[in-house]
Engineer: 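Next up is a structure, given as structure tokens.
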There are 2 protein chains.
Amino acid sequence: MTLEATHSGLRERKRLATRRAIELAALELVDEKGFENVTVDEISNRADISPRTFFNYFASKETVLVGDAPVLPNDAALAGYLSAGPHESVLVGLGPIVAASTAATSDDLHLQKLRFSLLKQYPQLFTLRMTAMRQFEDSLTEVVAERMLRDDPSLAADEGGLKNRARLVTFVAFAAIRHAWTVWDGSGASSGFGNRLLDSFEQLPGILSPAVSA
Amino acid sequence: MTLEATHSGLRERKRLATRRAIELAALELVDEKGFENVTVDEISNRADISPRTFFNYFASKETVLVGDAPVLPNDAALAGYLSAGPHESVLVGLGPIVAASTAATSDDLHLQKLRFSLLKQYPQLFTLRMTAMRQFEDSLTEVVAERMLRDDPSLAADEGGLKNRARLVTFVAFAAIRHAWTVWDGSGASSGFGNRLLDSFEQLPGILSPAVSA
DNA sequence: TGCATATTTGCAGAGAGTGCAATAATATAA
DNA sequence: TTATATTATTGCACTCTCTGCAAATATGCA
């Protein structure tokens with residue numbers, strides 16, 4: 001139910017098909033020839049549209065490659081996180097939520113793999129994707145803040161402090177996401193990315209411990 | 001002692017002056033009119049050089065704005081971190097090193113403030129700067145790995161695991177850097193950025209600890 | 001069918017960025 | 001100082017990205 005997806009007239013379907021054709025053409029071409037050796041004209045040719053139409057769908061040659069940012073699911077996992085109580089880590093508990101968010105992609109497997117490979121290969125694209133995630137980051141920060149508030153209602157007294165603390169948690173969560181990306185070897189698709197993600201989250205408390213458990 | 005800085009003939013000094021003039025012109029213009037309303041031609045005009053020369057100094061309109069990435073200092077602080085021993089946190093101890101690295105800028109205060117303001121205002125620029133920090137990130141990861149090895153020589157058995165662990169530590173350190181940036185209000189220059197940075201690092205244990213102090 | 005609305009396309013043009021060759025400035029050695 | 005080598009600056013032509021606008025085309029709906 002993506003706003004207009006239920007309508008699904010001929011127009012809608014054609015638009016989606018065109019969008020997908022452009023993405024596919026772009027990803028394949030860059031995979032074949034390298035980012036800097038591919039022009040928008042070529043992409044448009046392969047996708048059977050005019051160059052002008054390309055820019056009706058995507059703002060730039062980069063944005064067509066990075067894909068949509070994840071969206072926070074409004075489901076049971078989220079509710080569970082919010083009410084987990086003060087004995088569960090505010091940080092590690094974020095793992096399953098992030099995993100659920102990133103799993104909900106409209107891409108098929110082929111596109112996903114191409115994207116992943118390109119994001120690893122071109123830091124500029126990876127970084128652009130991270131920028132695109134800012135909104136997701138903000139939603140996450142709000143969720144964390146609410147969870148903290150539920151765990152300890154007295155935090156409401158210092159709203160600014162709460163927000164800052166929540167932001168730090170979110171940033172660290174994104175560090176875990178980056179880590180999962182970096183470590184996940186495309187070939188080792190043996191274990192899905194979701195598991196890899198949870199793994200990185202669970203490693204987080206441990207990076208402190210060499211000093212603590214001494 | 002930056003490779004050729006000791007030479008300091010007329011040529012070197014002119015080059016530096018030109019570089020600085022371009023940076024200043026670019027930062028001021030973007031501050032005055034907004035990023036998208038400034039052209040390379042305008043920047044070149046104000047800096048009294050030809051547009052072609054602009055691209056001899058900087059690869060793009062963006063790179064002139066973000067400044068150079070920090071470099072790891074090879075000093076006492078670094079040596080202290082490496083030999084701090086297993087009872088000091090591998091993560092929090094990174095704070096002073098990062099603070100020292102970011103403090104060593106060739107920018108004067110005016111440029112620094114303009115840059116900071118623009119990086120906050122334009123996410124694309126902030127992201128570009130983060131990309132530029134990748135090399136610094138790699139150096140940091142190596143330092144962390146060596147420190148871990150000194151703390152526990154048995155880790156040498158699993159080289160891949162060590163590297164991954166060190167990477168996670170570095171990524172989390174960068175989360176702290178981002179946090180410091182986000183929280184630091186330019187106006188509140190009352191406490192320098194260095195202190196703000198240390199503050200964020202010291203908040204990390206409170207977030208990573210398995211459970212709150214319940 | 002006929003009308004309203006959305007999509008595609010071509011075209012002209014601004015701006016970013018590059019390669020190349022000419023020119024100017026600086027360094028160096030006699 | 002002068003001749004010569006090296007490096008920096010510049011102009012020019014060119015490719016590519018991206019935008020505004022208006023004409024043409026396709027779809028939705030009564």
Side-chain angles (χ1 to χ4, degrees), chain A residues 2-23 25-27 29-30 32-66 118 122 124-125 127-128 131-132, chain B residues 2-23 25-27 29-30 32-66 118 122 124-125 127-128 131-132:
Chain A
T2 322
L3 226 68
E4 295 294 336
T6 42
H7 194 291
S8 194
L10 177 54
R11 227 166 227 174
E12 287 299 318
R13 274 178 284 130
K14 273 205 169 179
R15 243 191 114 73
L16 274 184
T18 302
R19 190 182 177 84
R20 208 186 161 280
I22 297 175
E23 286 182 317
L27 286 164
L29 275 169
V30 173
E32 290 166 17
K33 309 175 49 180
F35 178 75
E36 56 286 354
N37 301 318
V38 173
T39 69
V40 171
D41 280 37
E42 287 177 283
I43 298 173
S44 307
N45 263 333
R46 188 175 289 201
D48 267 307
I49 50 153
S50 81
R52 188 62 186 84
T53 297
F54 175 93
F55 289 106
N56 287 339
Y57 280 84
F58 298 96
S60 72
K61 191 178 138 189
E62 284 85 17
T63 45
V64 67
L65 297 172
V66 301
L118 294 188
Y122 300 97
Q124 359 146 207
L125 295 182
T127 305
L128 182 60
T131 306
Chain B
T2 321
L3 225 67
E4 295 293 336
T6 44
H7 195 292
S8 194
L10 178 54
R11 226 168 226 170
E12 287 299 317
R13 276 178 283 129
K14 273 206 171 180
R15 239 191 120 71
L16 274 184
T18 302
R19 190 182 176 83
R20 207 185 161 282
I22 298 176
E23 286 182 317
L27 285 164
L29 275 169
V30 173
E32 291 166 17
K33 309 174 48 179
F35 179 75
E36 56 285 356
N37 301 317
V38 174
T39 69
V40 171
D41 280 36
E42 287 178 281
I43 298 173
S44 308
N45 263 333
R46 187 176 290 202
D48 267 309
I49 49 151
S50 80
R52 188 61 186 84
T53 296
F54 175 92
F55 290 107
N56 287 341
Y57 281 83
F58 298 96
S60 71
K61 191 178 139 191
E62 284 85 20
T63 45
V64 67
L65 298 171
V66 300
L118 294 188
Y122 300 97
Q124 358 146 207
L125 295 182
T127 305
L128 181 61
T131 306

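Computed from heavy atoms alone, side chains included, the values below leave out hydrogens, waters and symmetry copies. This is a predicted model, so every value here is computed, not measured. Naming convention: chains lettered A, B, ... in sequence-line order (proteins, then strands); numbering from 1 in each chain.
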Engineer: Does the side chain of B:F58 come within less than 4.5 Å of B:E23's, by heavy atoms?
Structural biologist: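 They are in contact (side-chain heavy atoms under 4.5 Å apart), so the answer is yes.
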Engineer: Given atom CG of A:L16 and atom P of C:dA6, what is their separation to the nearest angstrom?
Structural biologist: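 In whole Å, C:dA6 P and A:L16 CG are 17 Å from each other.
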Engineer: Just N and O in the side chain of A:K14: are any of them under 4.0 Å from OP1 or OP2 of D:dT27?
Structural biologist: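 A:K14 to D:dT27 OP1/OP2: side-chain N or O found under 4.0 Å.
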Engineer: So which heavy atom on B:R46 is nearest to which on B:L29, and how close?
Structural biologist: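 So the two residues come closest at NH2-CD2, 3.4 Å.
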Engineer: Just so I know, are the side chains of B:L65 and B:F35 near enough to count as touching, which here means a heavy-atom distance under 4.5 Å?
Structural biologist: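 Heavy-atom side-chain distance check passes, below 4.5 Å.
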Engineer: What is the distance, rounded to the nearest whole Å, between atom CG of A:N37 and atom C1' of C:dT18?
Structural biologist: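 After rounding, the gap between these two atoms is 14 Å.
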Engineer: Considering only heavy atoms from C-beta outward, does the side chain of B:E36 approach that of B:Y122 to under 4.5 Å?
Structural biologist: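 Answer yes - side chains close enough.
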Engineer: Rounded to the nearest Å, what distance is computed from the CZ atom of residue B:R15 to the C1' atom of nucleotide D:dT6?
Structural biologist: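 The distance from CZ of B:R15 to C1' of D:dT6 comes to 13 Å, rounded to the nearest Å.
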Engineer: Can you check the A:I49 CD1 to C:dG10 P distance for me, whole Å?
Structural biologist: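 Computing the A:I49:CD1 to C:dG10:P distance gives 11 Å.
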Engineer: Whole Å only: how far is the CD atom of B:E12 from the C1' atom of D:dA8?
Structural biologist: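 Rounded to the whole Å, the gap is 12 Å.
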Engineer: Could you give the CZ-to-C1' distance, from A:R19 to C:dT7, as a whole number of Å?
Structural biologist: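 To the nearest whole Å, that distance equals 15 Å.
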Engineer: Which whole-number value in Å describes the distance from A:D41 CG to C:dC11 P?
Structural biologist: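 So the two atoms are 13 Å apart, to the nearest Å.
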Engineer: Between C1' on D:dA8 and CG on B:L10, what's the gap in Å once rounded to a whole number?
Structural biologist: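 My rounded result for the distance is 12 Å.
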Engineer: If you only use heavy atoms from C-beta on, which nucleotide in D:dA26, C:dT8, C:dA27 is closest to the side chain of B:R11?
Structural biologist: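 Nearest to the side chain of B:R11 among the choices is C:dA27.
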Engineer: Pull out every residue in residues 51-66 of chain B that has a heavy atom closer than 4.0 Å to any atom of DNA chain D, ordered by number, or say none.
Structural biologist: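 Nucleic-acid contacts, sorted: B:R52, B:T53, B:N56, B:Y57.
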Engineer: Is the shortest side-chain heavy-atom distance between B:V40 and B:F55 below 4.5 Å?
Structural biologist: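 Yes, close enough: below the 4.5 Å cut-off.
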Engineer: For the residue pair B:R15 and B:N56, what are the closest heavy atoms and their distance?
Structural biologist: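 Scanning both residues, the minimum pair turns out to be NH2-O, 4.2 Å.
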